[in-house]
Amino acid sequence: MFLEFFGGLVTGSLALLSDSGHMLSDTASLALSLVAMIFAVKPPSLKNSYGYYRFEIMAALFNGVTLFVIAGFIIWEAWQRFFEPPAVASGTMMIIAAVGLLANLISAWSLMRKSDTKDNINIRSAYLHIMGDALGSVGALLAGLIMNLFSWYVADPIISVLVALLILRGAWGVLKQAFHILMEGTPVSVNTNDIKEALLKIDGVEDVHDLHVWTITSGLDALSGHLLIKDHADPHSILQQAIIVVEENFAIQHTTLQIENSSLKHGELRV
């Protein structure tokens, strides 16, 4: 980060400066992701019955927002340079960018080898920050090569904008998923109609209603619902079968089901 920042000042490269700024944000974002993981393993309390799992989602949401801010800053700075691109010391710029690329690739490899960068949204947001840095370094290398060969200095802001757009693409995915989780949305891997049909196949179940599935944090989904059963059916047997069906077919272990028969009356639930 420091190498690219001072290298950007010396060479006059926006690509290096923007990449160092991105690295500065990443340092904070990776620290936030680490803090979120530390909080997530704290046990539940009377005030927080689900524990602190949601802190990971909030950290991912914050990281997604910072990616948008960084990309916006890069695009704004690039726009200022489009019409009067300054001369850039492309040779030095390429050497510094190569060092930055190597550092980011090592970091990305470490995360991929030891962590779940696909399904854990907190880890994925951290991973996207690092890959965004790597793309910035690749962009700086490419811009340096073009300027070195053709003295076409407008390549520096153009490459910076392309990198910013790639960062925005990854950030949008993180923001959308984090917002969906915080809004108690149904996990994308789950179809509630399929769950309802599977529960209705259990002998003795007449109806399934008020079925809800949501994500507490990455890799931890929860389900609640009501099962209307025949009056003379065994409620404990049906409940056990339902728990097994949900866990084995939909990988949901946190299941809460209310067993009802025709004698139970309750008002219409709002959700």
Side-chain angles (χ1 to χ4, degrees), residues 22-73 104 107-108 110-135 164 166-192 194-195 210-225 246-247 249-257 270-271:
H22 192 190
M23 282 188 176
L24 176 62
S25 168
D26 287 348
T27 303
S29 297
L30 290 170
L32 180 61
S33 294
L34 177 61
V35 170
M37 296 181 73
I38 293 172
F39 267 89
V41 298
K42 292 182 64 177
S45 65
L46 293 176
K47 293 180 65 176
N48 296 282
S49 60
Y50 274 123
Y52 296 83
Y53 286 113
R54 280 293 171 86
F55 200 89
E56 288 193 357
I57 308 304
M58 294 171 66
L61 182 68
F62 179 80
N63 282 342
V65 171
T66 60
L67 283 168
F68 260 82
V69 172
I70 291 166
F73 172 77
N104 284 306
S107 299
S110 298
L111 270 184
M112 290 181 67
R113 191 168 67 95
K114 294 290 187 179
S115 307
D116 184 4
T117 58
K118 180 180 179 182
D119 296 323
N120 187 301
I121 187 175
N122 183 44
I123 296 294
R124 187 156 65 89
S125 67
Y127 175 74
L128 285 174
H129 270 278
I130 291 174
M131 290 309 295
D133 276 337
L135 285 172
L166 290 173
I167 293 171
L168 284 176
R169 183 176 181 273
W172 174 246
V174 169
L175 280 177
K176 186 167 66 171
Q177 185 180 357
F179 186 75
H180 184 73
I181 291 174
L182 292 175
M183 289 297 293
E184 307 286 0
T186 303
V188 294
S189 60
V190 173
N191 187 316
T192 52
D194 292 342
I195 296 177
D210 297 310
L211 182 64
H212 299 284
V213 185
W214 68 99
T215 299
I216 297 173
T217 191
S218 300
L220 181 56
D221 297 332
L223 177 148
S224 68
V246 170
E247 182 175 352
N249 293 280
F250 304 99
I252 300 174
Q253 297 179 328
H254 196 293
T255 299
T256 306
L257 293 170
R270 295 180 61 183
V271 294

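Quick caveat, the model's predicted, so the values are computed rather than measured.
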[atom1] of [X] to [atom2] of [Y]: how many Å apart, nearest 0.5 Å?
X	Y	atom1	atom2	value
Asp210	Leu257	CG	CG	11.5 Å
Ile130	Leu111	CD1	CG	4.5 Å
Leu67	Trp172	CG	CH2	13.5 Å
Thr217	Ile181	OG1	CD1	6.5 Å
Ile252	Ser189	CD1	OG	7.5 Å
Gln177	Ile57	CD	CD1	7.0 Å

Between [Y] and [X], is there a side-chain heavy-atom distance shorter than 4.5 Å?
X	Y	answer
Asp221	Ile216	no
Ile195	Val213	yes
His254	Tyr50	yes
Val35	Phe55	yes

Is [X] atom [atom1] crowded by more than 12 heavy atoms from other residues, nucleotides or ligands, each under 6.0 Å away?
X	atom1	result
His212	NE2	yes
Phe250	CZ	yes
Phe68	CZ	yes

Scan Thr192, Val190, Thr255, Thr256 and name whichever one has a side chain to side chain contact (heavy atoms under 4.5 Å, CB included) with Leu223.
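Answer to the side chain to side chain contact (heavy atoms under 4.5 Å, CB included) test with Leu223 among Thr192, Val190, Thr255, Thr256: Thr255.
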So which atom in [X] and which in [Y] form the shortest heavy-atom distance, rounded to 0.1 Å?
X	Y	result
Ser49	Pro44	O-CB, 3.4 Å
Pro43	Tyr52	O-CE1, 4.0 Å
His180	Thr186	NE2-O, 2.7 Å
Tyr53	Ala40	CE2-O, 3.6 Å

What's the verdict on salt bridge (Lys or Arg N to Asp or Glu O under 4.0 Å) for Glu56 and Lys42, showing C-alpha distance, side-chain angles and the deciding distance?
CA-CA 12 Å; Glu56 288 193 357; Lys42 292 182 64 177; over 6 Å; no
With side chain to side chain contact (heavy atoms under 4.5 Å, CB included) as the criterion, how do Leu61 and Leu175 come out once you've worked through the C-alpha distance, each side chain's angles and the decisive distance to 0.1 Å?
CA-CA 6 Å; Leu61 182 68; Leu175 280 177; 3.6 Å; yes
